[in-house]
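Throughout, a chain's letter reflects where its sequence line sits, starting with A, and its residues are numbered from 1. Computation of the quantities below employed the complete heavy-atom set of this structure, encompassing side-chain atoms and omitting hydrogens, waters and symmetry-equivalent molecules.
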Amino acid sequence: MSFVVLVDCNNFYVSCERVFKPCLEQRPVVVLSNNDGCVIARSKEAKELGIEMGTPFFKCRELLLHNGGSIFSSNYSLYGDLSSRVMQILSLYPAEIEIYSIDEAFLVFPESYSDRYISLGRDIRESVKKMTGIPVSVGISKTRTLAKVANHIAKHSQSGVYSFFTEQHIQSVLKKTPVENIWGIGYKYAKKLQQNNIYHAHDLCGLPDTWIRKLLTKKGLQTVWELRGVSCIESTAIRIEKKAINTSRSFSYPVTKKTDIYEALSTFTTLNAEKLRKQNSCTQIVCVYLSTNRFKETPQYSSFHSIALPFPTAETSLLIKASFEGLDRIYREGYLYKKTGCLFVALSSQKASINNLFYPSYYDSFSNNMMVAMDSLNEKYGRDTLYYASSGISRFWSMKRELLTSAYTTSWKQLKEVEYSEI
DNA sequence: TCTGGGGTCCTAGGACCC
DNA sequence: TCTGGGGTCCTAGGACCC
C-alpha cells in the first residue's frame, strides 16, 4: 500500500526571516499580517510568551519588546521564493507531490518504499534544512488526515519525524488526539462534538456514519474515514486553475473620498487581472465590495455588487470599468471606509471563446496582445513598470508595512550584505 | 492610534422548466 | 374551485483550510 508523507515547514514566515538573520534564533519573533495588523506567525519563544495566533499587534507589542522580541511585516516575495525552493527539493523524491499551501506538501510514495519510510523522513528533513535553512516537520501514515496527526506529534518531538501504521499504534494515538486537533474539524464542529461528549479522535471513529454525516456533512464523514485508515481525500495536484480570484486590502487609515476608493479598486482589479491571465482564464462576473471598520463604534455600512460582463474577458481596462460601475452602485457618502476588494467568478479558459459566434474572442485579439506585452514588461522590469493611471500615483490609502525586511532573494537591489557581527 | 487575506467545498432553499 | 412530480441550476451562507 502506498503511504503519505506530510512535510510542513516550522513557523514558516519566522523561519524565512531567520535564514537571513541568524541572530534571531532562540529569540521571540513574530511576523505581522498586511497593514501590520495582527500576528500571523510566531516562533516557539513567542508562543511561550502566550502570544496567540491572530492577536492584534498593538495588544502584544509591549510584551514582545519587553522580552527582546523581533517583529516583522510580512514579506511575501521572500516567503514565496523560499517556498518554491523547498518544494523543488521535495519534488526530487520518487513520490507524487501535492503542494498544499505555501509551507506544506504531501508526498505520496509507492509501496516499494514502505520498508524505509523512517529514513526517508529523516532524509527529507535534513536535505531541506541543509539546502534552504528552513526547518521542517515530517508526519508519515496511511492517509492524508493521519499524516496530519503524525505531523502534529512530529512538531513537538526532538527528531521532527513521526510515523504510525499498525492498528494498535494508530488507536493509541487517536485516543490522545483531541477532536479540535483533527484536520477538517474546526472550532464550530469541535464544539458540536464536545456537546455530544465526544472529545477524542478515537471516540469519533466509533460512531455510526449516518450520525456523523448528519452532524458534520459529507466532508466530516470523509475525515472520519481517513482516520479509520481509508484514503478518500483526493489529491488536488491535478487542479491548477482557480475557480475564483480575489484581491482585497484594508486601508492604512479610514478612507472617505470616493476617488481614493476608485484608485484602490483599480489597483486590486489590476492585480486580479494579472492572476487571471497567469492561469489563462477569462472572467464574466466582477464583484466589488466595500466596508467600514467593524471594530469601531462609528456608523457601519458594508455592501457588495456584482457586474455581469457581456462576454468573458481578461483585459484589465474592461475589468476596471466594471469594478467602477460596481462601486458607483454601492458607495454611500459619509462613512469611514476600511476595506474594499474585487472578486472574479465565472472563470473560463481563454481558448474556450475562440469559436463562439456571439462574442469577440479574447484569445488572439488585440487586447490579448496588449496584455501579454504589459505582463511581460512588468515581469521583467518589476511590478508597476506599466500601470493604469486610474490606480493613482500617491496611493495614500495603501497598506502599512513599517517593519519590512529586504527581498533578499528576488531583487538585485536588495541582496543581503553580510556583516561580521552576524556570522 | 493600531484588529489580514485568499481560497475550497457543501447544503438548503428558491426559481424555473417540462 | 380544484393544482403533481421530478429535475436542474443558481445563490447565499456556513463550514473549513493555510
Are the aromatic ring centres of A/Tyr331 and A/Tyr337 under 6.0 angstrom apart? yes
State whether A/Arg144 and A/Glu98 are salt-bridged, where the test is any N-O pair (Lys NZ or Arg NE/NH1/NH2 against Asp/Glu carboxylate O) under 4.0 Å. yes
Give the nucleotide from the list B/dG6, B/dT3, B/dG4 with an atom nearest to the side chain of A/Asn34. B/dG4
Taking only side-chain N and O atoms of A/Lys243, does any of them lie within less than 4.0 angstrom of OP1 or OP2 on B/dG6? no
From CZ of A/Phe106 across to C1' of C/dC18 the rounded distance in Å is 11 Å
On DNA chain B, more 5' by nearest nucleotide between A/Lys218 and A/Arg61 is A/Arg61
Name the stems with DNA chain C in them: runs of three or more consecutive Watson-Crick or G-U pairs, distances under 3.5 Å? B:5-18 with C:5-18
Quick check on DNA chain B: between A/Tyr76 and A/Asn246, whose nearest nucleotide comes earlier from the 5' end? A/Tyr76
What integer distance in Å separates A/Lys59:NZ from B/dT1:P? 14 Å
Respond yes when some side-chain nitrogen or oxygen of A/Ser250 is under 4.0 Å from OP1 or OP2 of B/dT3, and no when none is. no
Stepwise side chain to side chain donor-acceptor pair (under 3.5 Å) test for A/Lys275 and A/Thr247: CA-CA 10 Å; A/Lys275 295 183 205 167; A/Thr247 303; 2.9 Å; yes
Base, sugar-phosphate, or nothing for A/Phe295, non-hydrogen atoms under 4.0 angstrom? base
Which nucleotide in the set B/dT3, B/dG4, C/dC18 lies at the smallest distance from any side-chain heavy atom of A/Lys338? B/dT3
Please list all pairs passing the salt bridge (charged side-chain N to carboxylate O under 4.0 Å, His left out) test where one or both residues lie in residues 309-327 of chain A, with sequence neighbours left out. none
Under 4.0 angstrom, heavy atoms only, what part of the nucleic acid is A/Thr247 near: base, sugar-phosphate, or nothing? sugar-phosphate
note: A/Ile99, atom CD1; C/dC18, atom C1'; distance rounded to Å ~ 14 Å
Between protein and nucleic acid, restricted to nucleotides 7-15 of chain C and to nitrogen or oxygen atoms under 3.5 Å apart, what atom pairs and distances do you find?
residue : atom : partner  : partner atom : Å
C/dA15  : OP2  : A/Lys188 : NZ           : 2.9

List the atom pairs, donor and acceptor, that lie under 3.5 Å between side-chain atoms in residues 179-200 of chain A and the rest of the protein, sequence neighbours left out.
residue  : atom : partner  : partner atom : Å
A/Glu180 : OE1  : A/Gln194 : NE2          : 3.3
A/Asn196 : ND2  : A/Lys192 : O            : 2.9

For A/Asn293 and B/dT3, is the shortest distance between a side-chain N/O and OP1 or OP2 below 4.0 Å? yes
If the condition is side-chain hydrogen bond (donor to acceptor under 3.5 Å, both in side chains), which residues does A/Gln300 pass it with, not counting sequence neighbours? A/Thr292
Counting the atoms with a prime plus P, OP1 and OP2 as sugar-phosphate, which does A/Arg213 contact under 4.0 Å by heavy atoms, base, sugar-phosphate, or nothing? sugar-phosphate
Have a look at A/Ile102 and say if it touches a base, only the backbone sugar-phosphate, or nothing, with a 4.0 Å heavy-atom cut-off. nothing
Can you confirm whether more than 12 heavy atoms, excluding those of A/Lys47, are under 6.0 Å from its NZ atom? yes
What nucleic acid atoms does A/Leu32 come within less than 4.0 Å of, heavy atoms only: base, sugar-phosphate, or nothing? nothing
Please identify each residue that fulfils ring pair (Phe, Tyr, Trp, His ring centres under 6.0 Å) with A/Phe251, with sequence neighbours left out. none
Just call it for A/Arg249: base, sugar-phosphate, or nothing, with non-hydrogen atoms closer than 4.0 Å on any strand. sugar-phosphate
What integer distance in Å separates A/Asn10:CG from C/dC18:P? 14 Å
To the nearest Å, give me how far apart CZ (A/Arg42) and P (C/dC18) are. 13 Å
Does a side-chain N-to-carboxylate-O contact under 4.0 Å join A/Glu379 and A/Arg277? no
Output yes when A/Glu104 and A/Lys148 qualify as a salt bridge under the 4.0 Å nitrogen-oxygen rule, no when they do not. yes
Classify A/Asp36 by what it touches in the nucleic acid, base, sugar-phosphate, or nothing, heavy-atom distance under 4.0 Å. nothing
Say we look at B/dC2 and C/dC18: how far apart would their C1' atoms be, to the nearest angstrom? 25 Å
Distance, rounded to the nearest Å, where A/Glu297 contributes CD and B/dC2 contributes P: 13 Å
Just call it for A/Leu343: base, sugar-phosphate, or nothing, with non-hydrogen atoms closer than 4.0 Å on any strand. nothing
Given B/dG4, is OP1 or OP2 found less than 4.0 Å from the side-chain N or O atoms of A/Asn35? no
Give me the ring orientation class for A/Tyr262 and A/Phe324: parallel if the planes are under 30° apart, tilted from 30 to 60°, perpendicular past 60°. tilted
Closest to side chain of A/Cys38, choosing from C/dC18, B/dG4, B/dG5: B/dG4
I need the NE2-P distance between A/His152 and C/dC17, as an integer number of Å. 12 Å
Rounded to the nearest angstrom, tell me the gap between atom NZ in A/Lys242 and atom C1' in C/dC17. 15 Å
